[in-house]
4 protein chains.
Amino acid sequence: MERTGRPRDPTIDGAVLDATADVLSQVGYARLTLEEVARRAGTTKPSIYRRWRSRPELVLAALVRRLDAGSIRAPESGCVVCDLVAGVEVFVTAFRRTPPGVLGALFAECGGELREEFMSTLFEPARRVVGEVVERAEGRGDLREGLDRDVVVDLLGSFVHYRALFGHASMDASEVVVTLLRGMVADPTRFARRKHRHDLSLS
Amino acid sequence: MERTGRPRDPTIDGAVLDATADVLSQVGYARLTLEEVARRAGTTKPSIYRRWRSRPELVLAALVRRLDAGSIRAPESGCVVCDLVAGVEVFVTAFRRTPPGVLGALFAECGGELREEFMSTLFEPARRVVGEVVERAEGRGDLREGLDRDVVVDLLGSFVHYRALFGHASMDASEVVVTLLRGMVADPTRFARRKHRHDLSLS
Amino acid sequence: MERTGRPRDPTIDGAVLDATADVLSQVGYARLTLEEVARRAGTTKPSIYRRWRSRPELVLAALVRRLDAGSIRAPESGCVVCDLVAGVEVFVTAFRRTPPGVLGALFAECGGELREEFMSTLFEPARRVVGEVVERAEGRGDLREGLDRDVVVDLLGSFVHYRALFGHASMDASEVVVTLLRGMVADPTRFARRKHRHDLSLS
Amino acid sequence: MERTGRPRDPTIDGAVLDATADVLSQVGYARLTLEEVARRAGTTKPSIYRRWRSRPELVLAALVRRLDAGSIRAPESGCVVCDLVAGVEVFVTAFRRTPPGVLGALFAECGGELREEFMSTLFEPARRVVGEVVERAEGRGDLREGLDRDVVVDLLGSFVHYRALFGHASMDASEVVVTLLRGMVADPTRFARRKHRHDLSLS
DNA sequence: CGATAAGCGAGACGGTACGTCAAGTCTTATA
DNA sequence: TATAAGACTTGACGTACCGTCTCGCTTATCG
């Protein structure tokens with residue numbers, strides 16, 4: 001049996017998502033009410049609940065729509081530095097598209113499978129792109145062996161997320177990338193001789 | 001004239017903060033209600049509102065109490081690696097003491113001076129400790145010159161925050177520290193010769 | 001368009017009015033709280049406020065329900081004395097059905113159109129019945145001419161109300177009726193001859 | 001033992017009673033708050049509670065002060081009609097001096113010994129004056145025998161109270177007095193012959 | 001082509017929690 | 001030592017919004 005009954009008005013989906021994004025950017029997540037969203041979208045609460053089961057689910061959908069993950073492309077310049085800088089900017093773009101604080105508040109309300117959807121739709125796309133950049137750099141032998149790719153990706157991603165979220169300092173993509181690539185120690189060989197014998201040598 | 005009027009019942013403060021922390025860890029920030037907190041603390045809403053002007057202010061106070069920032073001490077082993085690993089563990093401790101997601105949700109509702117208090121009481125203590133570790137390492141000449149100390153601190157702190165928040169992967173303090181200290185490139189000298197001429201040399 | 005929206009649960013109306021009457025008779029008007037009424041009725045405050053705009057409006061509705069004005073019938077025995085005694089008992093019944101003091105307290109809080117409703121639903125029915133008794137007695141020529149019917153009705157009603165309210169003395173319907181019918185002077189003719197020349201004669 | 005300690009500020013009593021009467025006439029009994037009274041009297045709540053144990057006790061005191069029962073004098077013209085008309089006006093004066101509705105609302109909140117005080121200070125003075133008028137008229141033989149003096153007094157008082165309270169009709173003292181004195185029946189003798197044999201004869 | 005089924009706007013529903021007002025009490029400093 | 005002053009704890013307030021339900025209607029597929 002096919003779907004019967006009156007089909008959903010397809011214009012409502014977009015209107016509601018747009019209204020949600022508007023309200024979100026104007027009053028934030030905590031003060032977003034479905035009644036206001038419905039009012040702005042020119043529809044009613046039941047029509048919203050028919051499409052999204054809960055408030056976080058709706059907001060997630062609105063953010064995903066704004067993020068437009070499909071448009072994210074991994075840079076391929078052949079240069080680790082350039083690619084990673086571009087990769088960091090992918091994160092910057094991703095986080096900039098969501099009003100500040102919404103991500104944290106939304107995440108806090110997402111439980112169970114909604115949390116999984118949150119991760120896979122809002123977080124994975126950017127992480128995957130940067131992961132590919134690292135992977136290619138490894139393939140070219142540009143990176144030292146033994147790196148945990150997830151750690152590298154999260155070091156970049158978390159930094160951007162952190163500063164975008166708390167906004168206590170600005171972001172300079174190339175400085176972070178260079179710091180990560182070069183390392184921080186003045187002389188790696190010094191530490192191998194000391195009593196703790198940490199291995200900081202390059203291989 | 002001195003202080004007049006009935007003094008506040010000092011036991012209420014503690015009971016409310018404890019109840020807040022309990023509710024927070026059981027139902028999360030979004031479903032925390034002042035009525036439930038009041039019920040568990042054996043008091044009433046106005047008594048809470050007299051002490052903390054709003055829900056975020058109360059939760060912030062409860063988290064600060066849990067964090068016990070005064071107890072945080074900067075490690076001083078004389079070894080950068082050990083100190084930084086210990087420093088990362090300061091972050092881990094700090095974020096582990098707050099239920100997952102609360103920090104982001106709380107921050108989203110903090111505006112104005114409350115946001116400043118959020119930063120200075122919940123974030124700065126751990127950042128300051130790690131900052132001191134880095135500063136001492138620089139003083140000993142263990143780190144290369146030109147590092148932006150804030151970037152280093154946030155690279156460590158954000159990573160921990162990120163993984164504590166989203167919980168998508170575990171944390172290995174020493175791996176992150178080693179990655180940051182050693183750097184990621186296989187051969188820093190390769191990049192100076194190439195067309196983009198990124199300077200990855202050590203000085 | 002016709003009536004839309006979810007229809008009201010009709011059982012709540014009755015449960016709330018019953019609970020109101022119960023609370024009223026147990027703690028009086030001043031200590032009646034909507035929260036207690038809601039608790040006893042097994043519902044909540046907003047459901048009450050949706051039906052009655054204010055506390056006096058609710059109490060008025062509960063009293064009107066108790067009074068059951070529709071059941072009040074004018075006696076028609078053909079005898080003024082019997083009819084008036086029965087009429088006084090209509091007042092007695094009306095005031096006895098409301099807990100003492102409630103009427104005065106409620107009236108004090110009724111303003112504007114609520115006051116009009118108070119008068120027309122709680123007072124007029126009994127006054128109208130007694131008014132009809134007086135009217136019929138006049139038609140039969142049982143009463144002397146020139147009587148102000150409203151004064152007569154209020155003389156009977158106020159006496160009952162007064163004693164029911166302040167409870168300082170019991171009520172004997174026939175004594176009041178006889179006093180009013182017979183008059184109080186020993187010899188009406190005496191007063192016409194005196195210097196003030198008050199006319200107490202019978203026509 | 002004498003009274004020891006700091007003496008009460010005697011000016012506070014009057015200031016509070018005046019403020020109470022003011023608030024009462026402006027917002028009514030239901031919306032009278034002790035905080036507003038204290039504010040207007042230039043004092044504080046505990047100073048009020050030290051003098052009057054409760055809100056109704058305070059309001060009662062304020063009304064008694066307004067009523068000034070000591071000034072009420074029984075008229076002694078020697079004419080029943082004149083005296084009773086003057087007596088009714090004593091009632092009118094008494095009820096007119098209290099804002100409409102306050103009496104009922106206050107009475108509803110008075111329980112136990114406060115109720116007794118309410119009766120003896122607000123009600124008895126006027127009733128006693130009219131009672132004396134009736135007593136003297138009886139002594140002169142102006143009234144028929146067998147009258148219950150309390151019924152007579154309450155017939156007059158309740159009528160005034162009733163119309164003052166509910167305000168649905170104006171008051172004409174002489175009409176009420178004449179109605180009561182003359183009685184209402186057209187021919188008293190008619191009723192003795194009928195089957196019910198009510199005794200409406202004059203002795 | 002009529003019956004069936006689902007979605008629609010509309011809006012009120014039952015109910016949780018809110019943030020505030022004012023009652024009456026308690027404590028400290030003052031006279 | 002009892003007062004005046006002020007801050008206290010607490011019950012109840014009236015409201016906003018949640019997520020659901022009912023209505024009368026419209027739009028589609030199915031028999």
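Where A/Gly5 and C/Leu32 each meet DNA chain F at their nearest nucleotide, the meeting point lying more 5' is that of C/Leu32. Two residues, B/Arg53 and D/Thr33, neighbour DNA chain E, and the one matched to the more 5' nucleotide by heavy-atom proximity is B/Arg53. For the pair B/Glu35 and B/Arg6, nearest-nucleotide mapping onto DNA chain F gives the more 5' position to B/Arg6.
Separating the CZ atom of D/Arg40 from the P atom of E/dA22 is a distance of 13 Å, rounded to the nearest angstrom. To the nearest angstrom, C1' of F/dA2 lies 13 Å from CD1 of D/Ile12. One can place OH of C/Tyr49 at 16 Å from P of E/dG14, the figure rounded to the nearest angstrom. The CG atom of B/Leu58 sits 11 Å away from the P atom of E/dG19 (whole-angstrom rounding). Atoms CZ (B/Arg39) and P (F/dG11) sit 13 Å apart, rounded to a whole Å. Straight-line distance from the CZ atom of B/Arg55 to the C1' atom of E/dA17: 10 Å, rounded to whole Å.
Under the 3.5 Å distance criterion, the side-chain polar atoms of C/Arg55 are matched with a main-chain donor or acceptor of C/Leu32. One N or O on the side chain of A/Arg115 and one on the backbone of A/Phe107 form a donor-acceptor pair closer than 3.5 Å. Checking side-chain atoms of A/Arg66 against main-chain N and O of A/Ala62 turns up no donor-acceptor pair under 3.5 Å.
A salt bridge does not link B/Arg40 to B/Asp18: none of the charged side-chain nitrogens sits closer than 4.0 Å to a carboxylate oxygen. A salt bridge between C/Asp13 and C/Arg51 is present, with a side-chain N of the basic residue lying under 4.0 Å from a carboxylate O of the acidic one.
OP1 or OP2 of F/dA4 has at least one side-chain nitrogen or oxygen of D/Ser47 nearer than 4.0 Å. Remark: B/Thr43 is in phosphate contact with F/dT10, judged by side-chain N or O atoms under 4.0 Å from OP1 or OP2. Applying the 4.0 Å criterion to OP1 and OP2 of E/dC8, one finds that A/Arg51 has a side-chain N or O inside that range.
Residue-to-nucleotide contacts include no donor-acceptor pair under 3.5 Å from the side chain of D/Lys45 to the base of F/dA5. At a cut-off of 3.5 angstrom, the base of E/dG14 holds at least one donor-acceptor pair with the side chain of C/Arg50.
Comparing F/dT20, E/dT16, E/dC18 by their closest approach to the side chain of C/Thr44 singles out E/dT16. When distances run from any side-chain atom of D/Leu34 to the nucleotides F/dA2, E/dA23, F/dT22, the shortest one goes to E/dA23. For A/Arg8, the listed nucleotide lying nearest its side chain is E/dG7; candidates were E/dG7, F/dA5, F/dT20.
Here A/Ile48 lies out of heavy-atom contact (under 4.0 Å) with every strand.
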